[in-house]
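Quick note on labels: first sequence line is chain A, next is B, and so on, each numbered from 1.
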There are 2 protein chains.
Amino acid sequence: MTEQAVRSNFMAILEDNGYRLTLPRREIIGVLEAKQEGFTAEEIVSELPGIGRATIYRTLKLLQEVGAICRLNMLNGAPRYSPSRVEHHHHTVCVRCGLVSEFRAATLERFLRALSGEIPGVIVGHRIDLYVTCPTCLQDEQSRPALHLHGHGHAHAHDDSLAELVGS
Amino acid sequence: MTEQAVRSNFMAILEDNGYRLTLPRREIIGVLEAKQEGFTAEEIVSELPGIGRATIYRTLKLLQEVGAICRLNMLNGAPRYSPSRVEHHHHTVCVRCGLVSEFRAATLERFLRALSGEIPGVIVGHRIDLYVTCPTCLQDEQSRPALHLHGHGHAHAHDDSLAELVGS
DNA sequence: GTCATGTTGATACCCTGTATCAATTTTGTC
DNA sequence: GACAAAATTGATACAGGGTATCAACATGAC
Ligand SMILES: [Zn+2]
Ligand SMILES: [Zn+2]
Ligand SMILES: [Zn+2]
Ligand SMILES: [Zn+2]
């Protein structure tokens, strides 16, 4: 505690879960915590050439398991990671630049819980992702490099039909 | 119309979108429409040894684009496809057997629309997946082969905090 | 038929990630 | 500090899912 000036949040979480705070892990965490936006695993790999690819992936997985980061999918399925700042939350992801924000919505959670009565089986988890174009990307459609993170598929248009189960 | 006794839904959708109803496509559609549960692409590949892998993937992509099938992710990220029976919907997926069901929930959609006021940027799509253990799997935890489709990460436990944005 | 266009399938390739396993670090314990 | 046990690393190979290429082939319009 004293010989190491600052021990970051992520480091504390790892320690609290019984993992060792090795140098590679500290370097990875250092990079992650500086990230303002979502990132890919390979991005981290190339930012830390001294650390093996396997170690990067292993550490990302560890950090997911202890809840320090989230792994989410773009509309096209491409995976993306993002530091986790609060316990239970969901994400908005900019389909242009990959910016990830977290949000909490108790109403939504409450509604899902209510829905569990109408769903066969027991709910063991859920995922809610909102795909957006962020304010920055709305304005300058040029300055940032577009990541083409959008996709076809489930970019649902909204409608207002009644809640209804539709079978398998 | 007359020379072909039955023209399935999926075939009609493809035709309506200007694609050709080739033999490979018809065979693939035949297999897909018989599926009662979710399926993987490779599953289709091995069920149709006469058809090239690329064609299978291309056709699956096509069918996604015209809205005939959905591609979703298990909790662990593994992709899974499922025939789409209604326009806008979301999914419940059994984490044990991969059974996919669709559901509509207008309240949910309405709530998301309301939420869009609190979210920076414009929402261009959303994804809502409920991970469940289906009734069948609840009972016989043995008879079906477990697919290990669960995962760590975002299997959110529920909580009831107030709706609140949490920054990037 | 003939030509333009759409499709196919074999192949090679890319991306994301994991299994292996010997070499190295870290952590305790003396 | 020395030492042994346990955790971790990194090189490599591999797996899974999917796409780019491109020559051969089918389709449809004329
Ligand atoms: Zn953006
Ligand atoms: Zn939630
Ligand atoms: Zn099941
Ligand atoms: Zn919806």
Enter the inter-axis angle for the ends of the helix from C:dG1-D:dC30 to C:dC30-D:dG1 (five pairs per end, rounded to 10°).
30°

Against the side chain of B:A54, the closest entry in C:dT16, D:dA20, D:dG17 is D:dA20

From CG of B:L60 over to C1' of D:dG17, roughly how many Å is that when rounded to an integer?
11 Å

Kindly say whether, by distance alone, the side chain of A:R53 makes a donor-acceptor pair under 3.5 Å with the base of D:dG10?
no

Please write out the pairs of protein N or O atoms and N or O atoms of nucleotides 1-7 of chain C separated by less than 3.5 Å, giving the distance to one decimal.
from  : atom 1 : to    : atom 2 : distance (Å)
C:dG6 : O4'    : B:R20 : NH1    : 3.0
C:dG6 : O4'    : B:R20 : NH2    : 3.2
C:dT7 : OP1    : B:R20 : N      : 3.0
C:dT7 : OP1    : B:R25 : NH1    : 3.1
C:dT7 : O5'    : B:R25 : NH1    : 3.4
C:dT7 : O5'    : B:R25 : NH2    : 3.4

So do B:H91 and B:R80 actually touch side chain to side chain, heavy atoms under 4.5 Å?
no

Base, sugar-phosphate alone, or nothing: which one does A:I51 contact when heavy atoms must sit under 4.0 Å apart?
sugar-phosphate

Could you tell me if the side chain of B:F10 sits less than 4.5 Å from the side chain of B:I69, heavy atoms only?
yes

Parallel under 30°, tilted from 30 to 60°, perpendicular over 60°: which one fits the rings of B:F39 and B:Y81?
parallel

Within this structure, what is the CZ-to-C1' distance between B:R71 and D:dT19, rounded to whole angstrom?
13 Å

Is the ring centre of B:H126 less than 6.0 Å from the ring centre of B:H88?
yes

Whole angstroms only, please: what is the CG-P distance between B:L21 and D:dA26?
17 Å

What is the distance, rounded to the nearest whole Å, between atom CG of A:N73 and atom C1' of D:dG18?
14 Å

Between C:dG9 atom C1' and B:L48 atom CG, what is the distance in whole Å?
14 Å

When you compare the side chain of A:L63 with that of A:L32, does any pair of heavy atoms fall below 4.5 Å?
yes

Tell me whether the side-chain N/O atoms of A:Y81 come closer than 4.0 Å to OP1 or OP2 in C:dT16.
no

For B:Y57 and D:dG18, is the shortest distance between a side-chain N/O and OP1 or OP2 below 4.0 Å?
yes

Does the side chain of A:H89 reach to within under 4.5 Å of the side chain of A:S84, using non-hydrogen atoms?
yes

Length of the line joining A:R26:CZ and C:dT25:C1', which is rounded to integer Å
12 Å

Would you mind reading off the distance between A:M74 atom CE and C:dC15 atom P, rounded to a whole angstrom?
17 Å

From A:I128 atom CD1 to B:R127 atom CZ, the distance as rounded to the nearest 0.5 Å:
13.0 Å

SB check A:K35 A:E43 (cutoff 4.0 Å)
yes

Take the protein atom CD1 of A:I28 and the nucleotide atom C1' of D:dT8, then report the distance between them rounded to whole Å.
11 Å

Phosphate oxygens OP1/OP2 of D:dT19: is one of them under 4.0 Å from a side-chain N or O of B:K61?
yes

Got A:V93 and A:L130 here, is their nearest side-chain heavy-atom distance under 4.5 Å?
no

Quick check on DNA chain C: between A:T40 and B:G52, whose nearest nucleotide comes earlier from the 5' end?
B:G52

Say whether B:E42 and B:Y57, considering side chains only, have a donor N or O and an acceptor N or O under 3.5 Å apart.
yes

